[in-house]
2 protein chains.
Amino acid sequence: MLSKKSQYAFKALGYLTEKYTEGPILISEIAKKKKIPLKFLENILLELKKADILDSKKGKGGGYFLKKSPEKVKVATIIRLVNGPISMIPCVSLYFYERCKNCNEKHCGLHEMMTEVRDATLSIVENRTLVDLVDY
Amino acid sequence: MLSKKSQYAFKALGYLTEKYTEGPILISEIAKKKKIPLKFLENILLELKKADILDSKKGKGGGYFLKKSPEKVKVATIIRLVNGPISMIPCVSLYFYERCKNCNEKHCGLHEMMTEVRDATLSIVENRTLVDLVDY
DNA sequence: AAATTAGTCCACAAAGTTTGTGGAGTATTC
DNA sequence: GAATACTCCACAAACTTTGTGGACTAATTT
């Protein structure tokens, strides 16, 4: 399961995608519309900014906005950033790989199956972008 | 990611599947061979027994063994049992469903995408069994 | 029947993660 | 320089994970 933080991040990014043409959006507006605790959302958006997904402007007329065009930001990128590995086990992860201590990966049934699961998931989340998060 | 507990459970079940014809297997043997903390493994196996996946026998010649034939036990069942939901978000889960508070499921982009991810994952784990966990 | 073997059960504890909150500071605009 | 809005850091409560310890029960062997 994705953490609440991740779910909040997706809701917020969906909202910013909707409002992409409208310039900076207040944190407080996102928090209210998407029912996200304000201060928690602050942390999340700041993290997304540091990861180059968002940018912000201070002072009057300020707020957060997408740094890149929403169709250029993959859902997979956001998951890895906010939630961590997409794979079910570390020895199968592409971005968070860790060697398995108690099995030989070449001959491990679990390894093989989890690789399939990973690829099935990636085939979706690597091909969806922030645009796919918007309500319709 | 699956918890360590889940990974231990899979390792143990894979081992019991290998040794399916050999009668009861000692917890201590599984723990040693699969490098799982003994007492932690006790808890896991007991849980699997209560869920009717395993059975056990006490005293000399005792140990744990699969209650059903390994090809009859789906991987999906084990994940749900030991790890919890397979879906990435609760409002998309079949077995652990929870309503989403801040979106209309019929018009939510996230909901739609996560349904696809769920189905892609299920198409694998609902069609694999303990047999697929065995090393080869 | 006693000893040995091996699972059962319960409680607890250390560590880590998640989910926040509070408050002072900084940049920008008017 | 006042108001606005993001920034940064620290901390805390709650929960989950990952175990451990010890007494108990059931089955077998001698």
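Computed from a predicted model, the values in this text were never measured in an experiment. Each chain gets a letter, A, B and so on, in the order its sequence line appears, and its residues count up from 1.
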Whole angstrom value for the distance that separates [atom2] of [N] from [atom1] of [X]:
{"X": "A:D55", "N": "D:dA5", "atom1": "CG", "atom2": "C1'", "value": "14 Å"}
{"X": "B:E47", "N": "D:dT17", "atom1": "CD", "atom2": "C1'", "value": "13 Å"}
{"X": "B:I30", "N": "C:dG7", "atom1": "CD1", "atom2": "P", "value": "8 Å"}
{"X": "B:L26", "N": "D:dA27", "atom1": "CG", "atom2": "P", "value": "17 Å"}
{"X": "B:K67", "N": "C:dG7", "atom1": "NZ", "atom2": "C1'", "value": "15 Å"}
{"X": "A:L41", "N": "D:dT7", "atom1": "CG", "atom2": "C1'", "value": "14 Å"}
{"X": "A:L2", "N": "C:dT17", "atom1": "CG", "atom2": "C1'", "value": "15 Å"}
{"X": "A:M1", "N": "D:dT16", "atom1": "CE", "atom2": "P", "value": "12 Å"}

Measure from the side-chain heavy atoms of [X] and tell me the nearest of [options].
{"X": "A:K60", "options": "C:dC30, C:dT21, D:dT20", "result": "C:dC30"}
{"X": "A:S3", "options": "C:dG7, D:dT7, C:dT19", "result": "C:dT19"}
{"X": "A:K58", "options": "D:dA5, C:dG7, D:dG19", "result": "D:dA5"}
{"X": "B:F40", "options": "C:dG23, D:dT20, D:dA27", "result": "D:dT20"}
{"X": "B:K57", "options": "D:dG19, D:dC8, D:dA27", "result": "D:dA27"}
{"X": "A:L46", "options": "D:dA5, D:dC8, C:dT19", "result": "D:dC8"}

Does [N] have its OP1 or OP2 closer than 4.0 Å to a side-chain nitrogen or oxygen of [X]?
{"X": "A:Y8", "N": "C:dT19", "answer": "no"}
{"X": "B:K5", "N": "D:dG19", "answer": "no"}
{"X": "A:S56", "N": "D:dT7", "answer": "yes"}

query: Any ion pair linking A:E126 and A:R80 (charged N to carboxylate O, less than 4.0 Å)?
result: yes
query: Could A:E47 and A:K50 be called an ion pair, given the rule that one side-chain N must be under 4.0 Å from one carboxylate O?
result: no
task: Answer yes if the ring centres of A:Y8 and A:F40 are under 6.0 angstrom apart, and no otherwise.
output: yes
Could you tell me whether [X] contacts a base, only the sugar-phosphate backbone, or nothing, with contacts defined as non-hydrogen atoms closer than 4.0 Å?
{"X": "A:L45", "value": "nothing"}
{"X": "A:I25", "value": "sugar-phosphate"}
{"X": "A:L38", "value": "nothing"}

- prompt: So do A:D52 and A:K67 actually touch side chain to side chain, heavy atoms under 4.5 Å?
  reply: yes
field: Of B:E42 and A:S6, the one whose closest DNA chain C nucleotide lies more 5'
entry: B:E42
query: Has the side chain of A:H107 got a donor or acceptor atom that lies under 3.5 Å from a matching backbone atom of B:D135?
result: no
- prompt: Between A:E42 and A:I27, is there a donor-acceptor pair closer than 3.5 Å when you use the side chain of the first and the backbone of the second?
  reply: no
message: Distance criterion of 3.5 Å, no angle test: do you see the side chain of B:K39 paired donor-to-acceptor with the base of D:dG22?
response: yes
